[in-house]
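Below is one structure, written out as structure tokens, with a few remarks after it.
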Amino acid sequence: MSGTVKKIADVTFKAGRTIDWEGMAKLLVTDEARKEFSNLRRAFDDVNSQLQTKFSQEPEPINWEYYRKGIGSHLVDMYKEAYESIEIPKFEDTVTPQYKPKFDALLVELKEAEKQSLKESERLEKEVAEVQELKKKLSTMTAEEYFAKHPELKKKFDDEIRNDYWGY
């Protein structure tokens, strides 16, 4: 087996160790997402184990003498010559250079979306805290206290009263 395949198998094995599967699993919210994540992890482990076992091992050398005894040297020599004349072309990756810039651009976009998401999450957490606080105080709060926190509503109500608009 070529050294390139062995290198790919080694890199994949190392990548499998550096993936934080438990950390990613904690971020999942729905049962459907957990199921899909489990399928992804199982598929990754299957491919990784195949790379480690099947494709990282060198094939056993052919025992040509064994076949010469049973079949005959002329036919075996013909097969040996044909076998040794086979040249397996070296793999040249032409796809990665095309998609690497696109992938890098997506990573930049992802980082920006992550920042925006964190900001929005922070804003929503503050809003939820305010609503929780308002919910606790709502039964004892006066209109003046509420309008002190929301002056735009007081202005709206005052304008409606001033313009004699009573909602009908």
Quick check: does any side chain N or O of [X] sit under 3.5 Å from a backbone N or O of [Y], one acting as donor and the other as acceptor?
| X | Y | value |
| --- | --- | --- |
| Asn48 | Phe44 | no |
| Glu145 | Thr142 | yes |
| Arg68 | Val76 | no |
| Thr96 | Asp93 | no |

Inspect the surroundings of [atom1] in [X] and state if more than 12 heavy atoms from other residues, nucleotides or ligands are less than 6.0 Å away.
| X | atom1 | result |
| --- | --- | --- |
| Glu84 | CD | yes |
| Ile88 | CD1 | no |
| Glu81 | CD | no |

In Å, rounded to the nearest 0.5 Å, how long is the span from [atom1] of [X] to [atom2] of [Y]?
| X | Y | atom1 | atom2 | result |
| --- | --- | --- | --- | --- |
| Ile71 | Asp77 | CD1 | CG | 11.5 Å |
| Lys80 | Ser85 | NZ | OG | 12.5 Å |
| Leu106 | Tyr99 | CG | OH | 12.0 Å |
| Leu107 | Lys102 | CG | NZ | 14.5 Å |
| Gln50 | Asp46 | CD | CG | 7.0 Å |

Do the side chains of [Y] and [X] get nearer than 4.5 Å, heavy atoms only?
| X | Y | result |
| --- | --- | --- |
| Arg41 | Asp45 | yes |
| Arg123 | Glu120 | yes |
| Asp158 | Arg162 | yes |

Hey, is [X] close enough to [Y] for a salt bridge, meaning N to O under 4.0 Å?
| X | Y | value |
| --- | --- | --- |
| Glu133 | Lys137 | yes |
| Glu152 | Lys155 | no |
| Lys149 | Glu144 | no |

Does a donor on one side chain sit under 3.5 Å from an acceptor on the other, for Arg42 and Ser38? yes
Are [Y] and [X] co-members of a hydrophobic cluster defined by side-chain heavy atoms under 4.5 Å apart?
| X | Y | result |
| --- | --- | --- |
| Leu134 | Phe157 | yes |
| Leu27 | Ile19 | no |
| Leu153 | Met141 | yes |
| Leu124 | Leu118 | no |

Test log, rule side-chain contact (heavy atoms from CB on, under 4.5 Å), inputs Arg34 and Thr30: CA-CA 6 Å; Arg34 287 186 189 103; Thr30 64; 5.9 Å; no
If a pair satisfies ring pair (Phe, Tyr, Trp, His ring centres under 6.0 Å) and one of its residues is in residues 62-81, list it, with sequence neighbours excluded. Trp64-Tyr83
